[in-house]
Asks: 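Encoded as structure tokens, here's the structure I'll be asking about.
Since the model is a prediction, treat every value here as computed from it, not as a measurement.
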Amino acid sequence: MTQELGVGIIGCGNISTTYFSLAPLFRGLKVLACADINAQAAEARAKEYGVKAQTIDELLVNDEIDVVVNLTIPDAHFRVSKAILEAGKHVYSEKPLVLSLEEGEELRRIAKQKNLAVGCAPDTFLGGAHQLARKFIDDGGIGRVTSGACYVMSPGMEMWHPNPDFFFLPGGGPILDLGPYYIANLINLIGPVKRVGGMTSMASPTRTITSQPRNGEIIPVKTPTTIQALLEFVNGATVTLTASWDVWSHRHANMELYGTDGSLYVPDPNFFGGTVEASGRDKDIKPLDAWEHPFGKINQESPNGSRANYRTAGLADMAMSLIEGRDARCSLDRTLHGVDVMTSILKSGEEGRFIDLTTTCTQPAALGIEEAQALLK
């Protein structure tokens, strides 16, 4: 089989620059074309990154394209991914993969029928920090994981995003937008979830945009903006997850896991790097010894400081899994299980009862230093 897959990108908005700029870091990928319902957006990205601008229909029949990256808005993910599969091409989607389990099962059916792969972000759990946490747990650093607590909270998205409307519509909200990072990392660290319970609310039926160019415009809120969830894992661990866009400030850590022999403090799953800390029964919290993981090294400057950013690693891992004939870490089974977790949390909030999950998955293979280096050019 070829040692490099031709990549097409559908959706040329803000997130597309990440894929265009970081894909060249990785083996197995060659971005060749892009498309968008806004032809001018596609042409601008094509000119910026030296690829071909096409219509969506043209890209889907482009014989040079093996895998298409779906960067459309969440409400269009299912429709676009289905069209990609029906065109005979592999799919890698931004999160969330779909907005319902039924849509995900339909993609699974088509992919299986056509012998195609479906993968999905987030891939931040492949970062150096989270893989160090994974290694520490696998090595018995805190004993058996029994419980934990996760928090992702802020005032919202309307203060920085130029077009934040979709964040506050069905298919948006903090659990479907930010929850994937936390749930994917919990699956990486602990394994699959058995059942969930949730309580949901919203602070206001409207939001006022304070970003440019729509400063002052009022938009509706039609999805919960605060979610308090309890996840019971197959291994018996129970973890609380709070996701909210109704919080101005807080002092909660992003992710803490508690075991029979100690505690583990995991940095923000939205990013690849950060400091991992742990304590034993002596309660003495210390940083873990640093390791030279490629996906933990600082490679970007941002308004919030230096950071490690290796988004597209999941796409590269999927490409190499196709080339090498192995399981992809950001696989359809794990992504669909994440969708099941998130939508079941929202359903629990609506119905006031615990929801047993109907999907499961395995933990992804750990991505150690050598495995990560093998993905890079």
Asks: Do the side chains of L315 and V67 get nearer than 4.5 Å, heavy atoms only?
Replies: yes

Asks: With a 4.0 Å cut-off, would you call D268 and R307 a salt bridge?
Replies: no

Asks: Do F233 and T238 have side-chain heavy atoms sitting under 4.5 Å apart?
Replies: no

Asks: Can you tell me how far CZ of F272 sits from OG1 of T124, rounded to the nearest 0.5 angstrom?
Replies: 6.0 Å

Asks: Membership question, hydrophobic clusters at under 4.5 Å side-chain separation (ILVMFWY): are M255 and M153 in the same one?
Replies: no

Asks: So, the side chain of E371 versus the backbone of A366: is there a donor-acceptor pair under 3.5 Å, distance only?
Replies: no

Asks: Is there a side-chain contact between E158 and T208 in this structure, where contact means two heavy atoms from C-beta onward sitting under 4.5 Å apart?
Replies: no

Asks: Within a reach of under 6.0 Å around CE of M199, are more than 12 heavy atoms found that belong to other residues, nucleotides or ligands?
Replies: no

Asks: Report, as yes or no, whether the 6.0 Å neighbourhood of atom CD on Q212 holds more than 12 heavy atoms from other residues, nucleotides or ligands.
Replies: yes

Asks: Quick one: CE on M320 to CZ on R329, what's the gap to the nearest 0.5 Å?
Replies: 11.0 Å

Asks: Does S279 reach the main-chain N or O of D284 with its side chain, forming a donor-acceptor pair under 3.5 Å?
Replies: no

Asks: Does atom CG of D63 have more than 12 heavy-atom neighbours from other groups under 6.0 Å away?
Replies: no

Asks: Determine whether L178 and W160 fall in the same hydrophobic cluster, where Ile, Leu, Val, Met, Phe, Trp and Tyr are linked whenever their side-chain heavy atoms lie under 4.5 Å apart.
Replies: yes

Asks: Nearest 0.5 angstrom please: H337 NE2 to S331 OG, how far?
Replies: 11.0 Å

Asks: Count the heavy atoms belonging to other residues, nucleotides or ligands that lie under 6.0 Å from CG of N115, then report whether that count exceeds 12.
Replies: no

Asks: Are V68 and I37 connected into the same hydrophobic cluster when the rule is that any two of I, L, V, M, F, W, Y join if their side-chain heavy atoms are below 4.5 Å apart?
Replies: yes

Asks: Are the side chain of H130 and the backbone N or O of F271 linked by a donor-acceptor pair below 3.5 Å?
Replies: yes

Asks: Within the side chain of N70, is there an N or O that forms a donor-acceptor pair under 3.5 Å with the backbone of H77?
Replies: yes

Asks: What is the distance from atom CD1 of I84 to atom CD1 of I56, rounded to the nearest 0.5 Å?
Replies: 9.0 Å

Asks: Kindly determine whether E350 and K347 satisfy salt bridge (Lys or Arg N to Asp or Glu O under 4.0 Å), including the steps that lead there.
Replies: CA-CA 5 Å; E350 292 174 1; K347 182 178 181 181; over 6 Å; no

Asks: If you count heavy atoms of other groups shown closer than 6.0 angstrom to NZ of K283, is the number above 12?
Replies: no

Asks: Do the non-hydrogen side-chain atoms of Y310 and P294 ever get within less than 4.5 Å of each other?
Replies: no

Asks: If you take all heavy atoms of V91 and S81, which pair is closest and at what distance?
Replies: CG1-OG, 3.5 Å

Asks: Taking the side chain as everything from C-beta on, heavy atoms only, tell me whether D138 gets closer than 4.5 Å to R134.
Replies: yes

Asks: Can you check whether V276 reaches P287 side chain to side chain, under 4.5 Å on heavy atoms?
Replies: no

Asks: Tell me whether Y181 shares a hydrophobic cluster with W245, the cluster being built from Ile, Leu, Val, Met, Phe, Trp, Tyr side chains joined at under 4.5 Å.
Replies: yes

Asks: Identify whether Y151 and I345 are in the same connected component of the hydrophobic contact network (ILVMFWY, side-chain heavy atoms under 4.5 Å).
Replies: no

Asks: Hey, could you give me the SG/CD1 distance between C150 and I183, rounded to the nearest 0.5 Å?
Replies: 9.0 Å

Asks: Do R45 and D36 sit within salt-bridge range, that is, some charged N less than 4.0 Å from a carboxylate O?
Replies: no

Asks: With a 3.5 Å distance limit and no angle check, can you tell me whether D66 reaches the backbone of G6 through a side-chain donor-acceptor pair?
Replies: yes

Asks: Out of the candidates D327, N188, V339, only one should pair with R334 under the side-chain contact (heavy atoms from CB on, under 4.5 Å) rule; please name it.
Replies: D327

Asks: To the nearest 0.5 Å, what is the distance between CG (D261) and CG (D282)?
Replies: 11.0 Å

Asks: Specify the closest pair of heavy atoms between K89 and L59, including all atoms of both residues, with the distance to one decimal.
Replies: CE-O, 3.7 Å

Asks: Where does the angle between the aromatic ring planes of F295 and F26 fall among parallel (under 30°), tilted (30 to 60°) and perpendicular (over 60°)?
Replies: perpendicular

Asks: Is the side chain of D340 donor-acceptor paired with the backbone N or O of L101 at a distance under 3.5 Å, no angle test?
Replies: no

Asks: Do other residues, nucleotides or ligands put more than 12 heavy atoms under 6.0 Å from E351 CD?
Replies: yes

Asks: Do the side chains of T335 and V118 get nearer than 4.5 Å, heavy atoms only?
Replies: no

Asks: Please indicate whether N215 has more than 12 foreign heavy atoms, meaning atoms of other residues, nucleotides or ligands, lying under 6.0 Å from its CG.
Replies: yes

Asks: Is the shortest side-chain heavy-atom distance between D317 and D123 below 4.5 Å?
Replies: no

